[in-house]
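A short worksheet on the structure shown next.
Each residue takes its place number in the sequence, starting with 1. Order of appearance sets the numbers: ligands from 1, and atoms from 1 within every ligand.
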Amino acid sequence: MTRTRLRLVLAVAATLAVLGPLAWLWWQSLVPDPLSVMDMGYVDTGGAPLSAAGAATGGHSGHGEHLAHAEGAVSVADLTGPRTGTPDVAVDLVARAGTVRLASGREVRGFTLNGSSPGPEIRARVGDLVQVRVTNESVPDGMTLHWHGVDVPNAEDGVAGVTQDAVAVGDSHTYRFVAGQAGTYWYHSHQVSHEQVVGGLLGPLVVLPRRGVAQDVDALAVAHTYRGTRTLNGREGEVPVEALPGDRVRLRVVNTDNAAVRVWSDAPYRVLAVDGYDLHRPGEVDGKSLSVTAGARADLEVVLPGSGEPIRVQVGGSTALVVGAPAAPPPPVPDQPADTLDLLSYGEPAALPFDPTHPDRRFDYDIDRRPGFLDGRPGVWWTINGHLYPDVPMFAVEEGDVAVFRIRNRSGESHPMHLHGHHALVVSRDGVAATGSPWWVDSLDVLPGESYQIAFRADNPGIWMDHCHQLEHARDGMVAHLMYAGVTTPYVLGGPEDNTPE
Ligand code: C2O
Ligand code: CU
């Protein structure tokens with residue numbers, strides 16, 4: 001071999017040595033189409049074996065199929081709400097792509113339900129059978145409805161490719177569930193949600209107690225940003241809430257955006273509930289703002305003074321609720337307090353329905369980022385326990401388990417983590433135990449560097465998304481699932497319906 005020849009051979013070999021592994025990594029990262037979540041990543045059983053009924057192995061080799069094809073596996077399609085019975089609340093919705101008209105007359109491109117965004121408020125009482133039939137008139141990618149924060153039976157959860165197929169243009173889908181827990185919720189599409197939710201395919205859902213309400217006035221504040229324009233209930237600026245002197249006013253703040261929103265006021269307020277769960281003996285808050293996590297809800301109470309002097313409650317810097325007489329001139333924008341209310345120590349402790357200190361399973365949900373390929377695209381991508389989507393954990397539980405998640409965020413950005421189908425109790429943050437009211441969440445902001453422990457009872461069989469509600473993060477792979485042993489799904493990601501929940 002001549003010297004030049006040798007050089008060439010060595011150069012080619014060196015190139016292959018670099019490109020070969022890269023090509024392999026690229027190829028490995030391609031997300032199969034279709035993909036069943038049952039075959040996604042690896043099963044993590046949280047440090048305890050699954051019993052024989054759940055079949056299956058733990059550890060990294062255990063693929064979903066072991067769990068899925070176990071004798072007598074239940075399909076998510078069968079985990080429905082009541083199929084018979086006359087609904088107490090029946091709503092028909094029509095989903096369209098096109099123009100959203102804000103109250104100011106401003107028009108933005110987006111999505112509507114029955115011609116508006118937010119879609120109509122659905123209001124039920126505890127125990128009501130709720131039936132919502134949605135027809136997709138013109139959303140080209142298909143759509144679904146997910147009941148964010150409502151722990152519905154799995155088949156009603158509205159996740160394209162996991163609990164149903166996306167509803168194609170011209171098709172309809174009916175959801176039926178019993179409203180079990182009084183509180184403030186919302187619904188939104190869970191198909192291409194980083195476009196459809198951001199574009200306004202959403203609306204509020206309020207569940208009132210079986211009878212009576214404690215407040216004189218009950219008002220919604222659905223925060224949403226339409227292409228850079230911040231709104232409350234589809235309005236820019238100030239939203240009037242009519243109240244009489246001395247009235248107790250419940251303000252239901254729903255954060256449908258991708259980032260947390262601050263709420264504050266010059267008037268004292270109480271936080272009555274978070275994510276549909278009442279706080280126990282919430283004290284008066286003065287001079288502090290409340291951070292409402294992306295996807296989360298907070299119910300605040302303000303009391304209009306005897307003088308009738310209106311109260312202004314800021315929801316972010318540019319939108320506010322003005323509580324008082326209809327024509328009262330709004331008070332000036334109050335300065336945003338430097339302090340934020342810490343829910344970890346707010347309110348008073350109360351009995352818990354289970355013991356979070358002796359869980360049956362413990363899971364880690366470590367969020368980080370690293371360079372790699374995501375579905376063939378090079379970049380610096382989110383990781384879950386060091387893994388890139390779709391090679392992510394399937395967290396496996398059995399019905400009845402108490403499970404603890406330790407969520408650690410070392411990624412340098414905030415992540416509003418949302419577990420479907422369950423509410424979790426916040427146990428501790430950065431090693432500091434919760435000392436206030438039991439704090440139940442379905443959406444929890446985990447800030448850079450923070451570590452939370454949350455606990456929940458596995459009491460709702462199914463396959464449940466457990467993802468970041470910064471929906472661009474979800475699109476970029478911050479998605480995992482909680483699965484119950486013995487439950488399987490016939491739906492697939494991708495496929496002919498092009499199911500794309502993120
Ligand atoms: Cu608000 Cu998985 O969604
Ligand atoms: Cu995130």
Side-chain angles (χ1 to χ4, degrees), residues 37 76 118-119 143-152 154 156-164 166 175 183-205 222-224 254-260 275-276 292-297 365-370 374 379-385 388-389 392 407-424 441-450 452 460 462-482 493 499-502:
V37 288
V76 301
M143 52 79 60
T144 66
L145 291 179
H146 165 61
W147 310 95
H148 185 120
V150 187
D151 299 332
V152 296
N154 199 214
E156 316 295 340
D157 199 42
V159 180
V162 181
T163 66
Q164 68 171 94
Y175 300 90
T184 308
Y185 307 95
W186 60 299
Y187 56 90
H188 63 75
S189 181
H190 223 308
Q191 163 78 348
V192 200
S193 43
H194 76 276
E195 288 176 9
Q196 294 186 9
V197 179
V198 170
L201 203 51
L202 58 92
L205 166 66
V222 181
H224 192 75
V254 183
N255 183 1
T256 67
D257 276 329
N258 272 341
D275 285 2
V292 184
T293 306
R297 289 81 57 214
Y365 199 127
D366 285 355
I367 304 160
D368 210 331
R369 59 196 316 187
R370 71 168 160 84
L374 180 73
V380 181
W381 304 110
W382 310 113
T383 58
I384 301 172
N385 296 346
L388 291 169
Y389 184 90
V392 289
I407 309 173
R408 284 193 296 186
N409 179 1
R410 301 139 158 180
S411 70
E413 278 189 46
S414 292
H415 301 290
M417 300 307 295
H418 173 48
L419 171 63
H420 286 211
H422 302 77
H423 278 76
V441 293
D442 54 64
S443 308
L444 177 67
D445 223 0
V446 185
L447 305 184
E450 282 185 339
Y452 273 95
N460 196 5
I463 299 170
W464 303 98
M465 274 185 118
D466 187 0
H467 66 100
C468 181
H469 222 280
Q470 207 297 11
L471 297 170
E472 286 166 9
H473 295 180
R475 175 201 61 197
D476 291 342
M478 271 205 69
V479 173
H481 297 81
L482 174 74
L493 302 170
N499 292 319
T500 312
E502 297 83 25

Worksheet entry | Parallel, tilted or perpendicular: ring planes of Trp382 versus His473, cut at 30 and 60 degrees | tilted
Worksheet item: Should the pair His148 and His146 be assigned to parallel (<30°), tilted (30 to 60°) or perpendicular (>60°) ring geometry?
Response: perpendicular
Worksheet item: What residues form a side chain to side chain donor-acceptor pair (under 3.5 Å) with Gln470, not counting sequence neighbours?
Response: none
Practice prompt. Give a yes or no on whether the backbone of Ala223 and the side-chain of Thr256 come within a donor-acceptor separation of less than 3.5 Å.
Written response: yes
Discussion item. Please check this pair: side chain of Tyr175 against backbone of Leu145, looking for a donor-acceptor N/O pair closer than 3.5 Å.
Written reply: yes
Worksheet item: What are the protein N/O/S atoms, named by residue and atom, that sit under 2.8 Å from the Cu ion (ligand 2)?
Response: His415 ND1, Cys468 SG, His473 ND1
Discussion item. Restricting to distances shorter than 2.8 Å, give the number of protein N, O or S atoms close to atom 1 (Cu) of ligand 1.
Written reply: 3
Item to complete: Could you list all the salt bridge (charged side-chain N to carboxylate O under 4.0 Å, His left out) pairs where at least one residue sits in residues 465-480, not counting sequence neighbours?
Response: none
Practice prompt. Describe, in one word, how the ring planes of Trp147 and Tyr187 are oriented to each other, choosing from parallel (under 30°), tilted (30 to 60°) and perpendicular (over 60°).
Written response: tilted
Item to complete: Could you tell me if the ring centre of His188 sits under 6.0 Å from that of His469?
Response: yes
Discussion item. Test your reading of the model: is there a side-chain donor-acceptor pair from His467 to the backbone of Met478, 3.5 Å cut-off?
Written reply: no
